[in-house]
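Here the structure is laid out as structure tokens; the discussion comes afterwards.
Here the structure is a predicted model, which means the values were calculated and not measured. Sequence positions, counted from 1, serve as the residue numbers for this chain.
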Amino acid sequence: DGVPLNMTNIDGNTYYLLFCNALPVFVLVFLGWFSVKFNMVTKSAFATLNVFVFNWAIPALVIHLLANENLRDWKYWKFALCFLILRVGIGLICAAATWLRSETAAFFVTTWMCTTWTNSVVLGLPILNSLYGPSAGIYTIFAVIPALWTEMPLVLVLLSRHQLQQEQAERSPLMKNSLPSVINSETPVAEVDPANPPPTQIPIQNDAALSCLSISKGVLWKMITNPMFVSVIIGTTLGFACPSKLPLALDTTFTTASQPVVAVALFSLGMYTHGQSFRGSGSDGWFLAVLLLVVKLVLAPAAMMGLCYAVGLRGIV
């Protein structure tokens, strides 16, 4: 089941166990990279593997972990509350920075996610579960829950708005090309035959209210059909309704479906890393990237530790 999460006495044996648990992570990532590098698999297989990992294996793991835990224990919800407070606080700081820099809403969402979006949303969950056991998996999921209700809707709104703008941009040349680029007194104007009028141009839909309604419906649909969101709802419901273990048939099914998630997810991650490189966008881009990393890897964990101690949580951070 991995190394226990609460390690009060760390000795050489503990480090050896951590090494033994961490070694397969790096080996599987390397195997994925190696397979693409030497054409053992094509990189297009990455999308196929992701269908299984993100839509089926990880949701099965989430349901299995939550359903077999007594979620009536308030310690889990305190942990989620701490993450929510942390996200809201950093979100306010990112909003202030966006306003001071006169940036767009996309800048706000990007900086907010880069500083608070937990890496455990996807690949971190199977990794932490394999390293530290089911207790780490439970807390990882509860760290994700605030992001599902705060940041994910904003990301979906931005993506839907961008898609709507692209659709309008694709239709706009039809209007522009139907009109002369220069109109003056020397431009000949064709006479219109009343019996045979030219076709009417379809105006571009630019109704703000209709656009907001369309985006809202799209975001709601994507939320309720997101595999991670659905699995959290199902697992939480089962964890409340059945504080004890799942029936054997269900438990075996979810266990079998979630068992290959670590190997497949890490192999897929290795495939993705092949050919990737980090590029900065000028001195300001590098400075912002470093600042966001400092907030995410140093300041945010320190603040989270303080919040956990403030609400009486011990031994989990």
Checklist entry - Counting N and O atoms only, with roles assigned by atom type, does the side chain of T111 sit under 3.5 Å from a partner on the main chain of F108, one being a donor and the other an acceptor? => result yes
Item to check | V232 and V144, any side-chain heavy atoms less than 4.5 Å apart | outcome: no
Checklist entry - Nearest 0.5 Å, what's the CG-CG distance between L23 and L28? => result 9.5 Å
Item to check | Minimal non-hydrogen separation, E69 against I138, with atom names | outcome: CB-CD1, 4.0 Å
Next on the checklist: Under 4.5 Å between side-chain heavy atoms, counting indirect links through other Ile/Leu/Val/Met/Phe/Trp/Tyr residues: same cluster for V27 and V29 or not?
Outcome noted: yes
Checklist entry - Under 3.5 Å, side chain of W99 to main-chain N/O of C94, donor-acceptor pair present? => result no
Checklist entry - For the atom pair CD1 (I58) and CD1 (I63), what is the distance rounded to the nearest 0.5 Å? => result 12.5 Å
Checklist entry - Is any side-chain heavy atom of L66 less than 4.5 Å from a side-chain heavy atom of L71? => result yes
Item to check | Check: F38 ring centroid to F34 ring centroid under 6.0 Å | outcome: yes
Next on the checklist: Can you tell me how far apart CG (L292) and OG1 (T115) are? Round to the nearest 0.5 Å.
Outcome noted: 6.5 Å
Item to check | Rounded distance (nearest 0.5 Å) linking atom SG of C114 with atom CD1 of I90 | outcome: 12.0 Å
Checklist entry - Do L288 and F107 touch side chain to side chain, with heavy atoms closer than 4.5 Å? => result yes
Checklist entry - Taking the six-membered ring for Trp, are F83 and F142 ring centroids under 6.0 Å apart? => result no
Checklist outcome for this item: Between P24 and L266 the two heavy atoms that sit nearest each other are O-CD1, 4.5 Å
Item to check | Single-linkage hydrophobic cluster, 4.5 Å side-chain cutoff, I224 and F54 together | outcome: no
Next on the checklist: Measuring only between side-chain heavy atoms, which start at C-beta, is M271 closer than 4.5 Å to L49?
Outcome noted: yes
Next on the checklist: Please tell me whether W112 and L100 are part of a single hydrophobic cluster in this structure, the criterion being side-chain heavy atoms less than 4.5 Å apart.
Outcome noted: no
Next on the checklist: A side-chain contact here means heavy atoms from C-beta on lying under 4.5 Å apart; do P59 and M228 qualify?
Outcome noted: no
Checklist entry - With hydrophobic residues grouped by side-chain heavy-atom distances under 4.5 Å, do W77 and Y139 end up in a single group? => result yes
Checklist entry - Are the side chains of P227 and W56 in touch, meaning some heavy atoms are under 4.5 Å apart? => result no
Checklist entry - Rounded to the nearest 0.5 Å, how far apart are CE of M304 and CD1 of I85? => result 9.0 Å
Next on the checklist: For A303 versus L86, what's the shortest heavy-atom pair and its separation?
Outcome noted: CB-CD1, 3.7 Å
Next on the checklist: For the CZ atom of F79 and the CD1 atom of I145, what is their distance to the nearest 0.5 Å?
Outcome noted: 10.5 Å
Checklist entry - Does M223 share a hydrophobic cluster with W221, counting links as ILVMFWY side-chain heavy atoms below 4.5 Å and allowing steps through other members? => result no
Checklist entry - P260 and T256: which non-hydrogen atoms are nearest, and at how many Å? => result CD-O, 3.5 Å
Checklist entry - With a 4.5 Å heavy-atom cut-off, do T225 and V230 have their side chains touching? => result no
Next on the checklist: Is the shortest side-chain heavy-atom distance between Y272 and S268 below 4.5 Å?
Outcome noted: no
Checklist entry - Under the side-chain contact (heavy atoms from CB on, under 4.5 Å) criterion, do L313 and K75 qualify, and how do the steps go? => result CA-CA 7 Å; L313 296 178; K75 64 181 179 182; 3.8 Å; yes
Checklist entry - Counting only N and O atoms by type, is there a donor-acceptor contact under 3.5 Å from the side chain of R87 to the main-chain atoms of P146? => result no
Next on the checklist: Quick check against the 3.5 Å criterion: does N68 have a side-chain atom that pairs as donor or acceptor with the backbone of H64?
Outcome noted: yes
